[in-house]
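First up is the structure itself, then whatever we jot down about it.
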Amino acid sequence: MAGNLYYGDYLKLDQLLGAQELESAKAGPAAHDEMLFIIVHQAYELWFKQILWELDAVTRCLSGGRVDERDIAAAVHHLERVAEIQRLLMQQIDVLETMTPLDFLEFRDALMPASGFQSAQWRMIENRLGMRPEDRVRFSNAKYTSRLNDADAGRVEQVEQEPSIFDLVQAWLERTPFVDTGMFDFWKAYREAVSGMLEADERAIRENVTLTAEEIAAQLKGQEKTREHFRALFDADLYEAQRQAGDRRLSHAGLKAALLIHLYRAEPILHGPFRLLQILADIDEGFTAWRYRHALMAMRMIGTKIGTGGSSGHKYLREAADRNRVYTDLINLSTFFIPRSALPALPDEVARQLGFQWTG
């Protein structure tokens with residue numbers, strides 16, 4: 001009957017609040033801080049479930065051959081919620097660190113061999129964002145799902161086989177219509193602007209009277225490295241060779257579109273796409289920061305001991321923070337930015353299209 005729903009029944013509080021079973025109490029007196037340990041990690045898993053809920057919604061927004069501007073806005077909204085949840089994940093470490101290393105030792109041995117390696121939802125989040133098996137730090141040369149039971153491994157590997165958000169974003173970028181409109185060839189105009197910028201930078205170095213000859217030579221050497229970065233960018237074959245070598249991941253067409261979106265993000269039609277690329281980079285950085293913080297906590301709690309899952313503890317976590325990235329190409333785009341004052345001017349008709357200024 002309508003109106004009879006009870007708060008505790010709706011939230012299943014009997015099951016939820018009864019789900020903290022202390023392993024330490026099975027062999028003697030309960031270790032007080034094990035309750036905190038369980039609740040923090042259960043809270044992580046609840047937030048992981050919400051993150052997956054949002055990422056699945058983003059996947060639906062970006063699927064298909066055409067992505068409406070309203071779908072971009074919806075995807076940004078879902079991803080911004082993920083970014084807010086990330087802040088909570090970081091704050092939970094603060095709560096967990098109220099437990100001292102000696103407090104943890106009171107029940108640590110009872111947890112083996114369970115560990116965060118066995119969080120299927122976390123692996124699903126990584127896969128949904130676009131983590132590939134070859135990108136991962138390997139532990140004992142085993143498959144990353146080797147510590148999961150069969151049911152969880154199946155769920156994780158199923159997500160691995162599905163198009164990731166990275167795949168969908170790349171395909172969407174490759175369809176960007178404004179890279180070459182016929183009236184405006186962004187890549188040609190951008191390349192000319194880069195050439196002018198690099199020449200001006202080199203001239204400024206050579207004419208800087210405050211520098212010694214050795215300092216000028218050193219700065220010119222650095223300038224040549226910058227030229228090499230741009231040389232690879234403008235040579236599609238060289239770019240693809242770097243991609244095959246694992247130095248880049250985003251396709252050349254996708255990178256060109258991402259640069260266009262960032263450099264001309266003030267144009268109304270590009271503001272939503274810019275926010276989408278920016279929030280993906282933010283989330284990638286957020287999970288990296290969370291992994292680093294987790295590694296520091298592990299070092300504080302167990303020092304150089306082996307983790308409960310058999311890994312090298314903080315060392316593995318630190319390596320994973322360095323390696324387990326997805327959107328580094330978006331984060332590194334700033335390498336190829338040029339000053340706004342050097343941006344090629346858009347033809348009036350192109351500016352009109354980018355501004356939604358349509359007339360009947």
Side-chain angles (χ1 to χ4, degrees), residues 169-170 173-267 269-271 273-278 280-282 284-285 325-351 353-354:
V169 168
Q170 177 170 264
L173 284 169
E174 291 172 346
R175 298 193 299 269
T176 300
F178 298 107
V179 176
D180 186 355
T181 65
M183 295 176 291
F184 177 66
D185 185 338
F186 162 69
W187 204 232
K188 179 175 181 293
Y190 169 71
R191 186 168 188 169
E192 291 172 353
V194 166
S195 179
M197 179 190 72
L198 293 176
E199 289 173 6
D201 289 346
E202 185 173 327
R203 189 164 55 251
I205 293 170
R206 293 184 183 279
E207 296 175 357
N208 190 335
V209 297
T210 66
L211 299 177
T212 66
E214 291 79 8
E215 290 170 335
I216 289 175
Q219 290 199 17
L220 288 175
K221 186 177 180 180
Q223 184 71 2
E224 181 55 30
K225 289 182 178 179
T226 301
R227 283 187 178 276
E228 289 175 8
H229 284 304
F230 279 103
R231 216 171 278 133
L233 178 67
F234 293 124
D235 186 329
D237 292 336
L238 181 54
Y239 182 93
E240 184 58 27
Q242 292 180 340
R243 192 171 174 233
Q244 293 301 319
D247 297 330
R248 300 187 186 280
R249 181 173 175 185
L250 193 61
S251 70
H252 196 238
L255 187 75
K256 288 197 291 187
L259 264 173
L260 169 74
I261 289 167
H262 274 266
L263 293 173
Y264 290 95
R265 63 184 181 269
E267 302 300 327
I269 204 172
L270 296 180
H271 185 61
F274 166 71
R275 289 178 64 207
L276 176 63
L277 299 183
Q278 191 78 349
L280 286 169
D282 289 345
D284 205 36
E285 287 188 342
R325 309 288 295 275
V326 177
Y327 294 95
T328 51
D329 286 333
L330 295 182
I331 293 169
N332 292 335
L333 268 182
S334 56
T335 303
F336 306 113
F337 287 176
I338 60 177
R340 285 193 180 97
S341 58
L343 281 180
L346 297 171
D348 290 343
E349 178 60 20
V350 175
Q353 293 176 13
L354 291 172

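Remember, predicted model here, so these are calculated numbers, not experimental data.
Using cut-offs of 30° and 60° for the angle between ring planes, the F184 and Y264 rings count as perpendicular. Using cut-offs of 30° and 60° for the angle between ring planes, the W187 and H252 rings count as perpendicular.
Qualifying salt bridge (charged side-chain N to carboxylate O under 4.0 Å, His left out) partners for E192, counting only residues two or more places apart in sequence or in other chains: K188. The salt bridge (charged side-chain N to carboxylate O under 4.0 Å, His left out) check on R243 picks up E240, with sequence neighbours excluded.
A distance of 10.5 Å separates CZ of F274 from CG of L263, quoted to the nearest 0.5 Å. Once rounded to the nearest 0.5 Å, the distance linking CG of L233 with CD of E228 reads 13.5 Å. Separation of atoms CD1 (I261) and OG1 (T176) is listed at 4.5 Å; rounding is to 0.5 Å. Interatomic distance, L259 CG to F336 CZ, rounded to the nearest 0.5 Å: 7.5 Å. Separating the CD atom in Q278 from the CD1 atom in I331 is a distance of 9.5 Å, to the nearest 0.5 Å. To the nearest 0.5 Å, atoms OG (S251) and NZ (K256) are separated by 9.5 Å.
Just one residue in the list V169, T328, L255 forms a side-chain contact (heavy atoms from CB on, under 4.5 Å) with L250, and that residue is L255.
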### Task
Apply salt bridge (Lys or Arg N to Asp or Glu O under 4.0 Å) to the pair R206 and E202, showing each step before the final yes or no.
CA-CA 6 Å; R206 293 184 183 279; E202 185 173 327; 3.2 Å; yes

#### Entry: Stepwise side-chain contact (heavy atoms from CB on, under 4.5 Å) test for I216 and N208
CA-CA 8 Å; I216 289 175; N208 190 335; 5.8 Å; no

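At least one side-chain heavy atom of L173 sits less than 4.5 Å from a side-chain heavy atom of L277. Looking at E267 and Q353, their side chains never come closer than 4.5 Å, going by heavy atoms from C-beta outward. In this structure the side chain of T226 never reaches within 4.5 angstrom of the side chain of D201, judged on heavy atoms. Two residues are said to be in side-chain contact when any heavy atoms from C-beta on lie closer than 4.5 Å; T335 and F230 fail this criterion.
In this structure, the ring of F234 has its center less than 6.0 angstrom from the ring center of Y190.
Minimum heavy-atom separation, A193 to A342: CB-O, 3.6 Å. Nearest heavy-atom pair, G254 versus E174, reported as atom, atom and distance to 0.1 Å: N-CG, 3.9 Å. Residues P273 and I269 approach most closely at CD-O, 3.4 Å, considering heavy atoms.
At distances below 3.5 Å, at least one donor-acceptor pair connects side-chain atoms of D284 with backbone N or O atoms of V326.
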